[in-house]
Structure formats: C-alpha cells, structure tokens
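This report refers to the structure that appears directly beneath it.
A, B, ... follow the sequence lines: proteins, then strands. Residue 1 opens every chain. Keep in mind it's a predicted model, so treat the numbers as computed, not measured.
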Amino acid sequence: MAAKTLNINGKQVSADEGATILEAAIEAGIKIPTLCHLDGVYDAGACRLCLVEVTGVNKLLSACTTRIAEGMEVHTDTEQLRKYRRMTLELLFAERNHTCSACVSNGHCELQALAWQNGMDHVRYDYCFPRWSVDASHPRYGLDHNRCILCTRCVRVCWHIEGAGTKNVAGRGAKSFIIDDLAQPWGDSETCTSCGKCVIACPTGALFTRGSTVAEMERDPSKLAFIVNARERKQWVV
Amino acid sequence: MGKRIVIDPVTRIEGHAKISIFLDDAGHVTDAEFHVVEFRGFEKFCEGRPYGEMPSITARICGICPVSHLLASARAGDAIMAVAIPPAADKLRRLMNLGQIVQSHALSFFHLSAPDFILGWNAPQATRNVFGLIAADPTLARAGIRLRQFGQEIIEALGGRKIHPAWAVPGGVRSGITDQGRARIRERLPEAFATAESALRLFWKALDENREEALIFGNFSSLFMGMVTADGTWEHHGGNLRFVDSAGSVVADQIDPARYRDYIAESVQEASYLKTPYFKSLGLPNGIYRVGPLARLNICERMGVPRADAEYRAFRQMSRGSVTSSFLYHHARLIEILAALEYIERAIEDPELSTKHLRADAGVNALRGVGASEAPRGTLFHDYTVDPSGLLKSVNLIVATGHNNLAMNRTVAQIARHYVQGDDIPEAVLNRIEHGIRCYDPCLSCSTHAAGMMPMKVTLVGPGGRILREVTRG
Ligand code: SF4
Ligand code: FES
C-alpha cells in the first residue's frame with residue numbers, strides 16, 4: 001500500500017494510504033481525544049471529540065472518519081478545538097443524568113476522564129434531567145440509559161465482533177436510545193448471547209455487570225481489539 | 001390564642017432551626033414548635049435506581065454520618081438478596097459503626113457542646129464555639145479533635161476514605177482490614193481512652209454547675225427506643241428493638257427491625273418537613289419516644305464492657321426508672337464513646353477480620369428489604385421495595401432526627417417556658433434553647449455549628465398569631 005505524507009501540528013508524518021487522520025496521528029505519537037472510537041471495530045464519528053482543523057477546509061473534521069491525503073495540513077490542538085471539545089463534553093453531561101458520585105464507573109469512566117483532561121470544571125448549560133429508565137431485566141447485565149452517550153460502541157461490537165446483532169439505536173437526536181432486538185427488555189432478547197462484549201466496550205457506566213456498586217466497573221476494551229486481531233490474523237487454530 | 005417567637009432558616013441548605021414560641025396575653029409561654037427545614041428529596045429520586053446503588057446514594061444524605069446510611073442501606077440490600085453475609089463482613093461493618101460512633105460523638109461533645117460548658121451561657125457568640133474552646137483550653141480542644149480523627153481513621157482503614165466510603169455493599173463489604181490498619185488503631189487506643197475519661201470528668205463538672213439546666217433541658221417522660229442484644233446488652237448494629245417507658249419498664253422487646261411498621265407510625269406535621277414517628281399503640285401525643293445515646297442506655301441492662309459498665313452504673317443511679325433529662329444525652333454519649341473504644345480494642349484482635357471471604361453473591365430474592373442500624377443519633381431505618389429485577393419501587397427512610405422530632409419540640413417548649421417571659425429573648429436564653437436542641441445532636445446542628453453558632457430564627461408569636469418579635473442569627 002502506498003504511503004502518504006502529511007503534516008500534523010507542524011510534524012511531518014507518513015501513513016498508509018487509506019489510513020484515517022486518527023490512525024496517522026496515533027502512529028506518529030500524537031494524541032487526539034476520542035470517545036466513540038474503539039480499536040477493533042469501524043468508526044462511526046458519533047461523539048465529535050476527535051475534531052481537527054484541516055487547512056483549506058472551512059469546517060472541522062472528525063479525525064476518526066477522515067482519510068488522509070497527500071500534503072494535508074492538520075491541527076489537533078488549537079484554541080478553537082479546545083473550546084469545542086469542552087463544549088461537546090459539557091453538552092454530553094447536560095444531556096442525561098450522569099451523577100458520577102453514585103456511578104458504577106466512577107473513577108474508570110472514559111467520559112469522566114476526558115472531562116478531567118480537558119479542564120471541564122463545570123457545565124455551563126442547563127441540565128436536561130430527562131426521565132430515562134434502567135433495564136435490569138438481563139440476568140447478568142444492566143443498561144442505564146441515563147448514562148448512555150450514544151457512542152454506539154456497544155452496537156458495533158455486538159454486530160461486528162459477536163455477530164449477534166442484538167443492540168441497535170432507536171429514535172432520533174437526543175431522544176435516541178439503545179435497544180435490544182425490537183425494543184424489548186434485554187432479558188427477553190432471543191439473539192443476545194450474553195457474551196458481555198457490549199459491557200466491555202461501553203465507555204461510561206451505561207452498561208454494567210449487575211450487582212456492581214459505585215466505582216466497581218473496570219473494563220478492558222483492549223480485549224476486544226485482541227479478539228479481532230487474533231481472528232483476522234488467524235491466530236487461533238480451528 | 002397566644003403570641004409566637006421564630007428561630008428560622010437563615011443560611012445553608014442543609015439543616016436550619018426555625019423555632020416558634022407562643023405566648024398568651026400575660027406573656028407566658030404556652031407552647032413552642034421546632035421546625036426542621038431539611039431537604040428530603042432522596043426518597044423520591046431513588047425510585048427506578050438499582051438497589052445496589054443505594055449505599056452510595058444515601059451515604060450522601062449526610063456528610064457527618066454517611067457510615068450510618070451506608071450500613072443501613074447495605075443491610076436493606078442483604079435482605080433483598082435474602083442472604084446471611086459472611087461473618088467477617090458483619091464484624092467489619094460493626095467495627096466501622098463503632099468508629100463512626102466515636103467520631104460523631106466526639107464532634108458533638110467537644111466541638112459543639114463543650115464550648116457552652118467551658119465558656120458559659122453568657123459568652124458572646126463570636127467565641128462560644130470550637131475556636132473559643134481552643135483559646136480557652138487548647139489541650140482539651142486538641143484531645144477532642146484527635147479523638148474524632150481516631151474514629152475517622154478507623155473508617156478510613158476500612159473504607160479507604162473518611163467521608164462517603166462506598167465500602168459496605170449488599171451482601172457484605174468490599175475490603176477487609178490490613179495489618180497496618182490494625183496496628184494504627186491499636187497504637188492510638190490508649191490516647192483515645194484517656195480523652196474519653198477526661199471528657200467524663202468535664203461532664204461531671206458541667207453537670208454540677210448546670211443542675212438547673214439538667215432539670216429543664218428536655219426533662220419529661222417519654223418512651224425510649226433502640227437496639228439491644230438477645231440478653232439485653234447495649235447494641236449498635238444487628239440487634240433487635242426494645243421500647244422502654246420512663247418508669248423503666250419494657251414496653252416491647254426483641255422486635256425484628258424489619259417489623260418496625262407494626263410498632264411505629266408516622267405522621268406528617270404541617271410545620272415541619274420532617275415526618276414525625278410515634279409508638280403506634282399509644283398514639284399521639286403519648287407515643288412520643290426518644291432515640292440515640294440516652295435511649296440506648298435507658299433500654300439496655302449493661303454496656304457489656306467493664307470500663308463503660310462502671311460509668312453506666314453511675315448513669316443509672318441518677319434516676320430510679322429511666323433517665324429522663326435530655327441534658328444527660330451528653331453523659332450517655334461519653335459512655336458510648338468509652339464502650340465503643342473497648343469494643344474496638346477487642347475487635348481488632350480478631351483474626352477473622354483478615355479472611356478473604358467478605359461478600360455474598362445473590363440476585364433479587366425478596367421484593368422488600370428493611371435495614372436498620374444504630375446511627376450515633378439513633379436508630380436509622382431504610383425500607384426498600386424493588387421490582388423483580390432489583391429496581392427500586394419505593395423507599396422509606398426514618399432518620400434519628402425524625403424520631404426525636406417530638407422530643408425536641410417539647411424540649412424547646414420546656415426551656416422557653418422556664419426562661420422566656422414577655423417578648424424579650426436575651427442572648428443567654430437563645431443559647432440555652434440552642435443547647436437544648438443540641439443535646440439531641442440533630443443533623444442540623446452538626447452541619448452548621450462547627451464554624452459558629454446554629455443558624456436560627458426565633459419568632460415570638462402573640463395572641464391572634466401576631467408576630468411580636470423575630471430574632472435571627474447565623
Ligand atoms: S450503552 Fe455505552 S456503549 Fe452503548 S451507546 Fe451507550 S454509552 Fe455507548
Ligand atoms: S472518536 Fe471520532 S467522532 Fe468520536
């Protein structure tokens with residue numbers, strides 16, 4: 001595959017043709033904040049945290065879904081980007097009821113960590129306090145819609161790693177929500193294999209192992225990339 | 001129809017005292033009302049949440065006694081799982097509760113009440129607080145602060161954090177105690193005992209100097225409620241309930257806390273956001289009962305540990321039946337500190353505390369769970385109902401300050417009747433009213449007093465509801 005050269009934050013970088021800006025940046029050791037990106041599955045561009053500036057393009061682009069081009073000039077850490085990232089994070093917090101202090105993922109949450117890293121010390125928007133429920137019908141796992149940021153990581157791993165196709169998104173805009181099969185209680189799903197990959201994939205406390213109490217959910221999403229790599233490179237003897 | 005005096009919420013969201021004092025035409029006090037303006041949204045917004053979250057949510061009801069809510073909530077969770085928790089977990093929870101009793105009682109006595117004893121009723125507001133105490137008696141103040149720290153250290157050794165430890169969970173606890181943790185507690189025990197003893201000496205001196213206050217600071221007959229062990233010994237966690245009357249007779253005994261509703265009814269009073277519980281079969285107003293240190297000592301037959309038992313005998317000798325003056329909450333509190341220290345001394349030598357098996361695992365096996373624990377201020381109930389997947393359908397909490405609501409009302413009325421004449425309330429009388437409330441160590445005083453005085457608003461109400469005078473401070 002032909003390599004392409006581009007410039008990220010003043011640094012000359014080369015990456016395989018077809019790579020995304022995010023992949024090129026990671027390879028060059030440049031950190032771009034991400035939330036909906038998950039190693040092992042395709043990108044959806046859902047969270048808008050990885051926005052970057054590309055010279056000559058008059059809108060911001062998501063690094064996880066934009067392919068590199070020869071001579072591209074990318075900026076990942078400008079005043080404007082920092083401002084938008086904070087805003088995006090604040091909007092995510094304001095949209096649902098996250099309540100970190102009582103959350104199963106407190107201290108191990110990607111959303112919380114990003115807020116912290118990006119200097120979000122308060123939320124300037126009014127909280128929406130929507131009325132979302134908790135689905136605790138599955139014998140092992142639970143889904144708390146209050147803490148879902150609609151990143152769709154769970155949906156992507158369910159379809160493309162496990163191949164069960166249980167999880168989906170229903171509704172529109174801020175009222176979208178994660179469903180199981182035909183929007184039935186998770187425990188009634190006929191396709192769910194109870195593999196738990198969605199729980200491992202979730203960046204917040206939305207998906208959790210039942211019985212876990214505050215700050216107890218620790219997950220290792222790199223396991224998912226490990227499974228995919230092993231499968232694609234045929235590292236398993238069949 | 002009489003006149004009225006008000007002590008009202010002034011600053012702070014959590015816990016304000018608002019007091020109305022009613023006067024008749026002749027300017028005599030006919031009655032008083034003490035209203036607690038306390039935020040009580042918890043019961044509502046917990047609905048729909050998984051029950052396993054409750055220990056950490058409810059621990060945030062109070063920054064001073066999060067441990068009590070944590071333990072009561074975890075117990076309610078045990079009941080929903082219908083499990084017996086591992087014995088080591090139970091011992092560790094008990095140890096944490098003892099640490100909580102020590103730290104909370106030390107705060108109540110040294111930081112909040114001792115300034116009144118040492119500096120006197122007429123001392124100006126600006127100095128009649130823990131800072132004034134530090135200036136007047138630095139050794140005592142320092143010892144008190146260190147005793148409180150000791151209690152907090154126990155909590156920290158177990159929960160990993162002084163405030164809001166998310167440690168007790170339905171089914172048990174999340175971690176045990178380390179050898180270092182034990183060693184630290186062991187090391188500091190002698191100093192803690194010495195402080196408790198010196199506090200007792202201070203109390204006796206204060207009692208001597210305040211004979212009059214002891215007779216009118218909430219001295220009336222009522223029932224007393226708390227936990228005892230199967231043989232009637234003092235208990236702070238996991239016991240059964242006992243009710244005793246002023247004469248000292250047992251009215252109800254060995255009641256499983258899960259059946260509290262058979263014995264306690266709750267009425268909601270217009271003047272207060274707090275629910276007013278009473279002993280069901282006696283109705284209101286006769287069903288008034290008190291909880292907390294004074295009640296626990298009145299209902300039990302012994303403390304079960306030698307040093308506290310020696311002091312307990314002196315406490316019992318103050319009255320033939322139950323000890324009815326709320327001024328003696330202070331004494332009871334100090335005896336409980338002593339007992340807690342002795343129980344801690346025993347507990348930390350128990351090898352079982354280091355076992356690994358600390359948490360039972362189970363799903364939802366009962367749709368209702370009641371958890372009770374003796375909080376420093378009195379019996380705390382958490383009562384949950386859940387759906388089959390463990391989401392809360394209803395939550396009822398009865399907190400110590402609620403149980404004591406009626407008694408606090410009566411105490412204020414008694415003090416007002418004695419000291420208030422006409423529509424004037426001198427500073428020294430306000431101070432006494434404040435102290436009368438503080439005998440119960442209600443949440444509102446602890447959350448607001450450490451840095452100064454209790455924010456309160458006293459309204460003197462005359463005949464026909466005419467407001468004669470309002471005194472606000474805080
Ligand atoms: S449940 Fe978790 S993984 Fe799924 S969309 Fe919501 S936040 Fe993302
Ligand atoms: S990581 Fe690129 S949009 Fe979410």
Side-chain angles (χ1 to χ4, degrees), chain A residues 96-109 112 127-148 177-181 183-189 192 194 196 199 202 204-219, chain B residues 41-42 44-61 63 66 69-71 73-78 80-81 83 85 89 159-161 163-175 358-365 367 386-393 395:
Chain A
R96 297 208 177 177
N97 313 308
H98 288 275
T99 326
C100 301
S101 56
C103 177
V104 288
S105 286
N106 191 4
H108 317 288
C109 170
Q112 190 185 42
Y127 283 88
C128 299
F129 299 117
R131 293 195 141 267
W132 286 104
S133 60
V134 179
D135 184 340
S137 59
H138 189 282
R140 266 194 244 160
Y141 311 117
L143 168 57
D144 184 350
H145 293 285
N146 291 287
R147 295 183 173 134
C148 175
F177 60 103
I178 297 298
I179 55 166
D180 293 281
D181 289 349
Q184 62 214 57
W186 191 356
D188 296 346
S189 163
C192 176
S194 301
V199 178
C202 184
T204 70
L207 285 166
F208 56 92
T209 308
R210 284 186 57 192
S212 28
T213 57
V214 63
E216 274 191 310
M217 277 306 294
E218 284 186 67
R219 16 195 150 207
Chain B
F42 271 93
K44 229 22 269 150
F45 73 63
C46 295
E47 286 169 16
R49 303 303 310 168
Y51 73 95
E53 264 182 20
M54 286 303 275
S56 57
I57 294 179
T58 55
R60 279 168 172 75
I61 289 174
H69 286 290
L70 189 70
L71 296 179
S73 181
R75 276 190 87 88
D78 303 342
I80 288 170
M81 293 160 84
V83 293
I85 69 169
R161 229 165 133 195
I163 313 282
H164 303 324
W167 171 77
V169 291
V173 299
R174 271 158 56 160
S175 56
L358 297 173
R359 194 166 170 180
D361 192 11
V364 175
N365 294 307
L367 296 181
V386 293
D387 71 11
S389 62
L391 301 180
L392 289 156
K393 284 170 71 179
V395 173

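In this structure a side-chain-to-backbone donor-acceptor pair under 3.5 Å is present from Arg210(A) to Ser389(B).
Side-chain contact between Arg49(B) and Asn146(A) is present, with heavy atoms from C-beta onward closer than 4.5 Å. A heavy-atom distance below 4.5 Å is found between the side chains of Arg174(B) and Val214(A).
In this structure, Arg131(A) does not pair ionically with Glu47(B), as no charged nitrogen and carboxylate oxygen lie closer than 4.0 Å.
We find the OH-OG1 distance between Tyr51(B) and Thr213(A) to be 10.5 Å, quoted to the nearest 0.5 Å.
Contact detail for Val134(A) and Gly48(B): the closest heavy-atom pair is CG2-O, 3.7 Å.
Using a 4.5 Å cut-off between heavy atoms, Thr99(A) makes no contact with chain B at all.
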